[in-house]
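Before any comments, here is the structure.
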Amino acid sequence: MSVFRTVITSIIVVFCITLQTVAKISYAENYNAPKQLKYTFTYFNKNDKSTLNVLLEFTGRQEKETIIELPSQYGGINELYKNITDIQVIGATIEKTNTPALLTLYHAPSSKIILSYNVRQSWDGPLSNFDNFLAPIFQKNYFQFIGNGILIYPQSYKNESSNLKWVFDWNVPNGWKVANSYGTNNLHQEFFASFNDVINSLFLSGKFTLSQTHIVGGDVWSAIRGKWPFQEEVFNKIVANIINNEREFWNDNDSPHYLISLIPIKTNKTGMVGTGLTNGFATALKSNYFPNYPMWSVISHEAFHQWNSPDIFDVTDKGNQVYYYWFTEGFTDYYADLLNLRIGLILLPDYIKEYNEMLVNYFSSPAKASTIEEVKENFWGNFAVEKLPYQQGKILAHNWNAFIKNKTNNQQSLDNLMRDIVLFSKEHSKLNLEKMNDIASKYRKENLIDDIHHIYFGDPVNPDEHSLGPCVYQITKMLAPYNPGFDVYTSKEKHVITSVDLNGKAFSAGLRDKQILISIEEHPDDISKKIRITVKEEQAIKIITYYPYQEKLLPIKQFVLDKSKWETNPDECLAWFK
Ligand SMILES: [Zn+2]
C-alpha cells in the first residue's frame, strides 16, 4: 500500500490514506469476559541484538477457544509476524492455523491467559532505508514502533470501539524515557480506547530530545533524534501552534496529548517520510535534510484528518472511499495550507506559489482526465493518479470558498460548510453526496453533486479567476513542471552529481553521475530560464545548460499577487483568507 513519491530531488511519502482506512471488521462472537488487555514491555540489549519482550495478559473466551492475531501487514510492510519469536503461553495450549498470522489457543472457559513473546528488528544496523520506517525500529539507543507492528491480540477484541481497557507497563534501560500516543514519562499507563486507536498508536523510548508545549486541552510533545538545522524547542512550538490552530478551527480540544517523532535516516536519497497516527505523527528524514515548509504542510494535513477522515462517509467497501478522496484528501490539503497561512507559517506570496505549482502539476498530469473508476483501479502505484483527487479537491475548495463568499456577501465561507458537513456526520449519520448537497445548499452552493460528477467523469476542474481574493489576479502561461533531471540537493551536499535521470534533459545536455559539482545556478520559479551547471570531469571544466523541464509546455492558469496592493494594504489582501 505504500507509495514512494520520487520527485527527482526528493521523496515525500505520506501514509495518511492507509491509516484512515483501517478495516472495521465485525465478528459475530458472543464475548462476555472483561474487556482488558494488559501488556508488559521489557526492552533489553544482549549480544548486540535489541529485543522487546512482551507479556500479554487477558481473559480467554467462554467458548474455550480463542484466536490470537499476530502483526501481519502495515504501511506496505508485509509478514511482520516474522519479527516475532519465542511465543509461550500460560493457561492455554497453542496451535498453528493455516494462516501464519493466526494462532488458536485452547483453554478453560474464560480463563486467564498469559502470553510471552519477543520482537526484533527485521534488519541489522541503523535505519538506512525509507521502506523500513514503519516497521519496528529496535536500536541500542532507542526504539520506535507502531502498535500494528508488534502487538499480538485476541481477534475477538478487534471490534471494540471505546470500552476496551488498556494497561501498559514499561521496563526500559536506565535513564530512558517513554513516550507514546497516550502519554509521556509514564511507566504505568491505564486508559480506555478503541482497538483501532491503539493499534495505530506511536510508541518510543530511548535517546530522544523531548520537548513539550502546553496548549488548550493538553500538551504537544516532540521526540527528536539527530542533529537538525533548528532547535528542538522551536520545532515543538511550531507543531503545537499547528495543532492548536486546528483545534480552534474545529472548536475541539478533546485530545489531551499529541506526540510527534522525528528521526534521521542514513541514506543517499533525499526525502522525508511520515505517517499520521492516533494523537500523533511519526516522521523520518534523510540525515541533515530539512525541507521546511513541506514539513509543516504535511503535519498540518495529517492532523486535519482527525476530523476530516474517510470514516465520516457512508462507505462499506473501503475500496470505495476513493469516491470521497476529493474531500478527505483534497479539502484537507486546502485547509493545511490555508490554516498555516492564518498563523503566518506560510506567507501569502508563498501560498500562491504553492498553489500555482499544484496547478502546473495538475494540468500537466498524464492522469488528469481519469474517471473515478480509473482512479480507483490505479490509485496505488501510480503517482499521477494518486495525486489527482488531492489536486481536484484543492481547486474545488478554492472555487467553492469564493462562490460562498460571493453569494453571502462575505458573511460565510467554505469554513462554515466544512464544519457543518463534519458535524452532520458526528451528530446525525454518515455522509453521502446527496446529504452533502443538502448541507451545501444552505450556503447557496447549489448543485454540489454536478461538480462532483464532473470530477468522476474526468472533466478538468478550472480554478475560478477570483478565487484568491481581491489582491490576486489570474493569467495564463505556457508551463511545465520544474524538473532539473537530477538530485540537486544531494549533489550540492556531496559536491558530486547524483541520480541523473537517464531520460531527462540533464542527461541529454551531458550531465553524468559522479562529475564533480563546482557550481549550480537554477531558477525553480521560472522554467523559461536555463539551469547552468559547472562540473569537473577528468580535469576538464564543463558548463552544462538546459531548460529544466521534461513535459510539453501547456497553457496553464496561474495566480499573480498584485504587488502594489500587497505592499500598500496587506491586511486587506489577507482578509480574504480569514
Ligand atoms: Zn491525507
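Between S255 and Q306, the side chains place a donor N or O and an acceptor N or O closer than 3.5 Å (distance only, hydrogens not considered). A donor-acceptor pair shorter than 3.5 Å cannot be found between the side chains of T59 and K35. Between N171 and T42, the side chains place a donor N or O and an acceptor N or O closer than 3.5 Å (distance only, hydrogens not considered). Checking E329 against N308 by side-chain atom types alone, no donor-acceptor pair falls below 3.5 Å.
When each of F327, W326, Y323, F424 is tested with F313 by the rule ring pair (Phe, Tyr, Trp, His ring centres under 6.0 Å), just one qualifies, namely F327.
Using a cut-off of 4.0 Å between Lys/Arg side-chain N and Asp/Glu carboxylate O, K38 and D169 are scored as salt-bridged. Between K49 and D124 there is a salt bridge, since a side-chain N of the basic residue sits under 4.0 Å from a carboxylate O of the acidic one.
In this structure, F281 has its ring center at least 6.0 angstrom away from the ring center of W296. Here W228 and Y289 keep their ring centres 6.0 angstrom or further from each other. Ring centroids of Y43 and W170 are separated by 6.0 Å or more, keeping the two rings apart. Checked against the 6.0 Å centroid criterion, the rings of F195 and Y157 do not qualify as a close aromatic pair.
Remark: side-chain polar atoms of N186 are not paired, donor with acceptor, to backbone N or O of Q189 under 3.5 angstrom.
A cation-pi arrangement is present between K387 and Y390 under the rule of less than 6.0 angstrom and at most 45 degrees off the ring axis. Cation-pi geometry between R419 and F249 is met: under 6.0 angstrom from the ring centre, within 45 degrees of the axis.
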